[in-house]
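The block underneath contains the structure these notes are about, expressed in structure tokens.
For the numbers below, each heavy atom of this structure counts, side chains included, while hydrogens, waters and symmetry mates do not.
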Amino acid sequence: QVELVESGGGLVQPGGSLRLSCAAAGSFVSTVSMGWYRQAPGKERELVAIITSSGDTNYADSMKGRFTISRDNAKKTVVLQMNSLKPEDTGIYYCYYRVILTFASVHGVDYWGKGTPVTVSS
């Protein structure tokens with residue numbers, strides 16, 4: 001079993017910055033992809049950013065140029081640096097990993113963190 005624990009959420013003023021981190025605990029041999037999703041009040045969960053095992057990244061259009069995703073394979077962590085935050089960035093941010101559990105595994109398995117709240121307000 002793999003457990004993901006997010007940290008770094010909080011209250012920030014518009015234009016401010018936050019840094020979210022997600023650490024994985026448990027046994028797996030590699031990650032396929034890691035990323036962040038968010039769910040705003042009254043809305044569906046949406047992609048924020050994804051980074052693959054090869055380092056390729058993909059961002060939602062509204063986050064491009066403001067958010068940066070990075071990973072540390074040795075520490076099994078993924079970080080989301082969020083700058084120029086806007087009130088519409090408010091929501092619960094969820095960490096996501098797709099991992100290969102064993103060397104015999106054929107498919108990746110998805111895991112989610114419990115979420116960390118981000119509130120952008122003056």
Problem - Residues Asn83 and Ser17: side-chain donor-acceptor under 3.5 angstrom - result: yes
Exercise for the section: Answer with yes or no whether the side chains of Ser54 and Thr52 bring together a donor and an acceptor at under 3.5 Å. Expected result: yes
Problem - Pairs satisfying disulfide bond (SG atoms under 2.5 Å apart), at least one member in residues 21-116, at least two apart - result: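 Of all non-adjacent pairs touching residues 21-116, those that pass disulfide bond (SG atoms under 2.5 Å apart) are Cys22-Cys95.
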Exercise for the section: Hey, could you give me each pair passing disulfide bond (SG atoms under 2.5 Å apart) that has a residue in residues 33-86? Not counting sequence neighbours. Expected result: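 Of all non-adjacent pairs touching residues 33-86, none passes disulfide bond (SG atoms under 2.5 Å apart).
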Completion exercise
Of Asp89, Leu11, Leu18, the one forming a side-chain contact (heavy atoms from CB on, under 4.5 Å) with Val120 is Asp89
Problem - Distance under 6.0 Å and angle within 45° of ring axis: Lys76 vs Phe28 - result: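 Yes, Lys76 lies over the aromatic ring of Phe28.
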Handout entry: Hydrophobic cluster identity match, Val5 and Tyr93, side-chain contacts under 4.5 Å
Key = no
Practice task
Answer yes or no: does atom CD of Glu88 have more than 12 heavy-atom neighbours from other residues, nucleotides or ligands under 6.0 Å?
Solution key: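 Yes, the 6.0 Å shell around CD holds more than 12 heavy atoms from other groups.
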Practice task
Start with the C-alpha gap between Tyr111 and Glu3, add the side-chain angles, then the distance that decides, and say whether side-chain contact (heavy atoms from CB on, under 4.5 Å) holds.
Solution key: CA-CA 7 Å; Tyr111 291 92; Glu3 182 181 5; over 6 Å; no
Practice task
Name all residues meeting the side chain to side chain contact (heavy atoms under 4.5 Å, CB included) criterion together with Glu46; count only those two or more places apart in sequence or in a different chain, and write none if there are none.
Solution key: Arg38, Met63
Exercise for the section: Sort and list the pairs that fulfil salt bridge (charged side-chain N to carboxylate O under 4.0 Å, His left out) and have at least one residue in residues 99-116, not counting sequence neighbours. Expected result: Arg98-Asp110
Exercise for the section: Check whether any side-chain heavy atom of Leu20 lies under 4.5 Å from a side-chain heavy atom of Val79, and answer yes or no. Expected result: no
Handout entry: Tyr59 side chain reached by Ile51 side chain, heavy atoms, under 4.5 Å
Key =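 No; the side chains remain at least 4.5 Å from each other.
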Handout entry: Minimum-distance pair of heavy atoms, taken over all atoms of Ala49 and Ile69
Key = O-CD1, 3.7 Å
Problem - Fellow cluster residues of Phe103, listed by chain then number, with links counted only when side-chain atoms sit under 4.5 Å apart - result: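 Once heavy-atom contacts under 4.5 Å are chained together, Phe103 belongs with Val29, Val32, Ile100.
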Problem - Nonpolar side-chain network containing Ile50, other nodes, edges under 4.5 Å - result: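 Ile50 shares its hydrophobic cluster with Tyr37, Leu47, Ile92, Tyr94, Tyr96, Trp112.
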Exercise for the section: Step by step, work out the side-chain contact (heavy atoms from CB on, under 4.5 Å) result for Arg71 and Thr31. Expected result: CA-CA 11 Å; Arg71 58 187 290 168; Thr31 57; 2.3 Å; yes
